[in-house]
There are 2 protein chains.
Amino acid sequence: MLRGRMMDMPLLISSLIRHADRCHGDVEIVSRSVEGPIHRYTYADVHRRARQLAQALTRLGVRAGDRIGTLAWNGYRHLELYYGVSGMGAVTHTVNPRLFPDQIVYIINHAEDRYVFFDLTFAPLVEKLAPQCPGVEGWVAMTDRAHLPQAKIPGIACYEELVGAERGDYDWPQLDEWTASGLCYTSGTTGNPKGTLYTHRSTVLHAYAASLPDVFNVSSRDVVLPVVPMFHVNSWGIAYVAPMNGAKLVLPGAGLDGKSLYELFEAEKVTVTAGVPTVWLALLAYVMEHGLRFSSLRRAVVGGSACPPAMIRTFAEYGVDCSHAWGMTEMSPLGTFGSLRGKHLGMPPEKQFEARVKQGRAIFGVEMNIVDGAGNELPRDGKAFGDLLVRGPWVTSGYFKGEGGEILRDGWFPTGDVATIDADGYMQITDRSKDVIKSGGEWISSIDLENIAVAHPAIAEAAAIGVAHPKWDERPLIVAVKKPNAEITREELLQFYEGKVAKWWVPDDVVFVASLPHTATGKLLKTQLRNEFKAHALPK
Amino acid sequence: MLRGRMMDMPLLISSLIRHADRCHGDVEIVSRSVEGPIHRYTYADVHRRARQLAQALTRLGVRAGDRIGTLAWNGYRHLELYYGVSGMGAVTHTVNPRLFPDQIVYIINHAEDRYVFFDLTFAPLVEKLAPQCPGVEGWVAMTDRAHLPQAKIPGIACYEELVGAERGDYDWPQLDEWTASGLCYTSGTTGNPKGTLYTHRSTVLHAYAASLPDVFNVSSRDVVLPVVPMFHVNSWGIAYVAPMNGAKLVLPGAGLDGKSLYELFEAEKVTVTAGVPTVWLALLAYVMEHGLRFSSLRRAVVGGSACPPAMIRTFAEYGVDCSHAWGMTEMSPLGTFGSLRGKHLGMPPEKQFEARVKQGRAIFGVEMNIVDGAGNELPRDGKAFGDLLVRGPWVTSGYFKGEGGEILRDGWFPTGDVATIDADGYMQITDRSKDVIKSGGEWISSIDLENIAVAHPAIAEAAAIGVAHPKWDERPLIVAVKKPNAEITREELLQFYEGKVAKWWVPDDVVFVASLPHTATGKLLKTQLRNEFKAHALPK
């Protein structure tokens with residue numbers, strides 16, 4: 001091999017904050033603090049305090065590779081942890097405080113967090129967790145001495161005192177770019193949470209890709225407000241994208257209601273934002289109710305779950321471009337982005353809309369494939385759907401501590417989603433792999449069947465599951481909940497499918513129940529339903 | 001070290017063209033061919049033909065690491081060479097056909113090019129070169145059989161025949177990302193040309209950085225026309241940026257005059273272009289002369305040499321944003337880009353203009369420093385000027401075959417430029433390191449002194465050089481050419497400096513000459529002047 005002669009400069013997270021300091025030092029970071037007031041400072045301040053934090057951690061005995069947990073909102077101290085912890089070679093372990101306490105205990109113990117930093121909101125939670133997490137040497141309240149909570153927390157420390165005791169004359173170590181930088185657990189519907197262990201390399205590459213003109217498209221003239229939490233896959237990378245490009249960053253803290261967000265958007269002249277659909281529903285409802293307009297916002301990115309088509313239209317009426325992003329914790333998280341192609345520009349809005357409702361096109365760096373049950377690649381025609389596989393430099397190759405064993409298929413990560421890809425490269429998720437109904441070697445989308453059922457005026461909620469069948473392997477069964485006081489028969493609902501799907505997609509049977517089981521985050525628990533109905537006798 | 005668990009996917013040039021094929025397969029590449037007509041095809045076609053080319057090269061015995069020369073304009077076959085040669089693990093060696101034939105011979109022999117591909121324009125040149133390049137096994141004319149030149153070229157081959165004989169069922173090898181991918185020689189004013197040897201890693205990282213919203217900002221809705229040649233530092237990376245983002249690419253071939261460019265801009269709806277100031281002068285002159293407008297162009301990037309301030313204003317009058325880019329062959333080439341900051345948006349155009357005339361701010365990935373003669377870092381106040389040092393993952397660590405020896409200073413690449421950096425991070429080049437005049441431990445900018453001299457109505461051209469001085473080390477001497485029929489004395493010119501520079505910057509002497517020596521590309525040959533005047537006796 002003839003080796004090229006370019007500098008061997010590792011891709012490091014510390015380079016991001018050093019760049020922001022040197023080239024965008026006076027750009028603001030504005031945070032709604034947990035204590036109450038709006039807090040403002042600059043990238044130069046973040047950089048100085050992140051170095052003070054690295055010194056404080058060093059003084060506490062934290063070493064390269066150690067995990068440091070966080071239970072925190074989007075705020076400036078959380079940002080300092082992102083850079084201080086990863087920059088010194090330790091691992092920023094963001095813990096989702098919305099999980100069940102038992103899951104949080106499992107995660108902190110499994111990660112072997114040496115210290116956990118928490119926002120005041122979570123002091124009561126920490127009080128519960130602490131006795132069950134004996135490995136944690138200290139719980140650091142992210143506040144000053146005056147606001148330190150009066151809680152029974154062993155080894156409690158004060159963030160501002162730790163940081164304030166240091167000078168910040170710290171040189172970031174020149175790490176190997178494969179050094180672990182961050183850790184984030186996924187909470188699946190089955191089994192224990194599993195950790196994705198990011199590297200400095202994957203994080204910086206993801207930040208470059210997420211900044212591209214067809215992705216977040218954030219410049220030094222933008223003001224970015226990530227509603228997506230920093231405890232949820234690094235706020236989709238925005239905590240790295242903003243300093244890379246010198247964008248002003250606005251961190252909303254715990255104020256995620258429509259009013260709080262709208263006021264922050266307007267006061268700070270936010271141009272780009274990102275979050276899940278439920279947040280936007282609340283924001284748009286507030287804006288409509290009060291007859292308001294957005295004076296600076298030009299783009300809202302939607303991810304986490306599919307964006308309701310009506311939301312895209314409503315945002316458009318308010319002059320805001322609403323784009324889908326899709327990804328996973330295991331993908332850092334970005335895989336696709338729903339920006340329009342050049343050819344769409346001359347098309348009527350309805351044609352553009354057909355592209356916008358899909359999950360988007362692959363970002364350079366991520367490769368996607370859809371395959372059938374035998375692993376054969378399926379056509380990219382927008383119709384054929386199969387297991388979605390991905391690979392790329394910011395996709396996981398396996399979970400922390402080897403949990404789940406070998407997870408790749410021939411070097412590809414199986415997303416667990418079933419999807420189509422059209423000729424323009426737009427991917428659309430049609431189902432989860434474990435939920436798709438396999439009938440006679442062909443696949444039936446459970447989500448499509450559910451959507452039809454709930455479109456019937458008498459149906460409140462429905463689940464479509466596969467039930468064993470001697471000839472077809474599996475056949476669809478609908479388990480449905482009627483609306484209060486509504487009446488509908490099995491035959492009426494089955495008839496409702498006619499003309500809406502291929503004949504062989506029409507379910508074999510319907511069972512009406514009083515309620516359906518859900519996960520903590522509100523998703524249908526289909527595993528439980530499949531178990532419950534595994535012996536269900538389908539009519540001949 | 002705790003190693004993160006992300007996929008080990010190398011950054012490869014073949015990934016760029018594969019991505020463009022899969023995700024933007026129907027996007028056009030439009031070329032003005034050397035044979036005459038406009039040629040159009042798509043990224044899917046580029047990918048197929050690049051694979052056919054890789055097969056043809058393999059059949060010719062080309063192996064990984066071999067250098068393949070090109071003498072070609074911006075055209076689709078040159079693009080195929082970029083991907084076919086680098087993709088297979090060989091090295092795309094772009095040779096500047098505008099150099100003196102002796103230099104080209106030196107470069108081809110020093111690189112040990114096994115094959116050289118050339119556009120028809122350069123057949124007479126190749127006829128001269130071939131006998132002096134015995135190591136070249138074949139000269140491939142980038143045309144079809146019908147247009148094959150009747151020239152005395154040993155081992156001449158036909159591009160379309162080579163490519164047409166292959167099927168294109170080629171799998172790109174999974175290379176190490178440190179594999180050499182490209183080679184480009186710099187032609188300094190002293191010594192032999194030296195080669196910069198790029199890697200797959202540096203090329204892909206540079207493409208990410210060059211695509212950022214504050215840099216080329218090229219999306220899948222853009223149409224890019226690089227006027228900057230593909231034989232000159234990879235057309236500033238645009239040949240990689242366009243497929244990364246799925247932008248339509250328009251390649252102007254040999255038609256670089258104002259009329260040809262304007263027609264192509266309009267016919268293909270070009271939105272972004274990049275080139276040197278002389279090209280834009282010709283284009284703007286054509287547009288003004290014929291009373292034309294740009295219907296789609298929104299941004300012109302200027303590099304290679306400083307952009308005249310008037311050009312930025314003229315472009316603005318035509319609705320085109322004109323931005324500086326700065327870089328070097330040794331930097332792949334981009335180091336800085338002159339986009340505005342957020343704070344400029346509310347300022348009057350004149351304040352914005354002050355930022356625009358500078359060379360720009362560091363792109364994330366490139367670090368810059370200015371240092372004095374002792375290597376001490378200088379303040380970033382827009383006034384202090386010193387040697388400009390750079391480092392980053394797409395900056396060279398040394399020349400091909402070790403020419404020039406160890407070139408780094410403590411890990412930094414000395415650009416050979418003298419520059420200021422202001423508080424907003426904008427860098428401005430004030431001189432070349434070897435031309436700056438060192439007087440009493442302080443530096444005097446030769447360019448500033450020359451600009452004042454030529455501002456005098458009687459002066460046609462002037463050079464400022466340092467002459468040895470027993471007390472001050474060096475003192476400035478002006479060597480000037482008078483305008484025809486103009487009269488001016490030594491004393492009058494020295495008086496002209498008063499009030500324009502600090503007292504100690506005023507030159508010690510003036511010598512009038514009939515003409516000044518220049519390089520082939522029109523630059524002042526100050527080395528020759530310094531030698532000629534090294535014994536010049538300065539007045540007491």
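Residue numbers start from 1 in every chain, and the chains themselves are labelled A, B, ... in the order their sequence lines are given, proteins ahead of strands. Quick caveat: nothing in here was measured; it's all calculated off a predicted structure.
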Open item on the list: Shorter than 4.5 Å, heavy atoms on both sides: which option in B:Gly65, B:Gly342, B:Gly195, B:Gly425 has the most such pairs with chain A?
Closed with: B:Gly342

TODO: Taking ring pair (Phe, Tyr, Trp, His ring centres under 6.0 Å) as the test, write out the residues that go with A:Tyr185, two or more places apart.
DONE: A:His93, A:His110

TODO: Just give me the residue among A:Asp424, A:Leu408, A:Asn245, A:Leu340 that pairs up with chain B most often, heavy atom to heavy atom, under 4.5 Å.
DONE: A:Leu340

Open item on the list: Using 0.5 Å steps for rounding, measure from the CG atom of A:Leu11 to the OH atom of B:Tyr208.
Closed with: 11.0 Å

Open item on the list: Which atoms of A:Met1 are under 4.5 Å from chain B, going by heavy atoms: the side chain, the backbone, both sets, or neither?
Closed with: side chain

TODO: Check each atom of B:Asp8 against the heavy atoms of chain A and say whether the ones under 4.5 Å are side chain, backbone, both or neither.
DONE: both

TODO: Can you tell which part of B:Ala209 gets under 4.5 Å to a heavy atom of chain A, answering side chain, backbone, both or neither?
DONE: both

Task: Selection from A:Ile421, A:Leu345, A:Thr396, A:Asp214 maximising heavy-atom pairs under 4.5 Å formed with chain B - done: A:Asp214

Task: Contacts of residues 327-335 of chain B with chain A (heavy atom under 4.5 Å) - done: B:Glu330, B:Ser332

TODO: State whether B:Glu367 and A:Arg18 are salt-bridged, where the test is any N-O pair (Lys NZ or Arg NE/NH1/NH2 against Asp/Glu carboxylate O) under 4.0 Å.
DONE: yes

TODO: With a 4.5 angstrom heavy-atom cut-off, could you sort out which part of A:Asp422 is near chain B: side chain, backbone, both or neither?
DONE: neither

Task: Closest non-hydrogen atom pair between B:Gly4 and A:Thr199, with its separation - done: CA-CG2, 3.3 Å

Task: Contact class of A:Thr196 relative to chain B, heavy atoms under 4.5 angstrom - done: side chain

Task: Interface residue of largest heavy-atom contact number with chain A, from B:Ala64, B:Gly398, B:Cys23, under 4.5 Å - done: B:Gly398

Task: Side-chain touch A:Ser15/B:Phe364, heavy atoms, less than 4.5 angstrom - done: yes

Task: Residues in salt bridge (Lys or Arg N to Asp or Glu O under 4.0 Å) contact with B:Asp26, at least two apart in sequence or another chain - done: A:Arg341

Task: Distance in Å, A:Arg201 CZ paired with B:Met9 CE, rounded so as to fall on 0.5 Å steps - done: 10.0 Å

Task: Contacts of B:Arg5 that satisfy side chain to side chain donor-acceptor pair (under 3.5 Å) - sequence neighbours left out - done: none

Task: Considering all heavy atoms, the nearest B:Met6-A:Ser202 contact - done: CG-OG, 3.4 Å

- [ ] Check whether B:Pro243 gets within reach of chain A through its side chain, its backbone, both or neither, counting any heavy atom under 4.5 Å.
- [x] neither

Task: Any side-chain heavy-atom pair of A:Phe413 and B:Met7 under 4.5 Å - done: yes

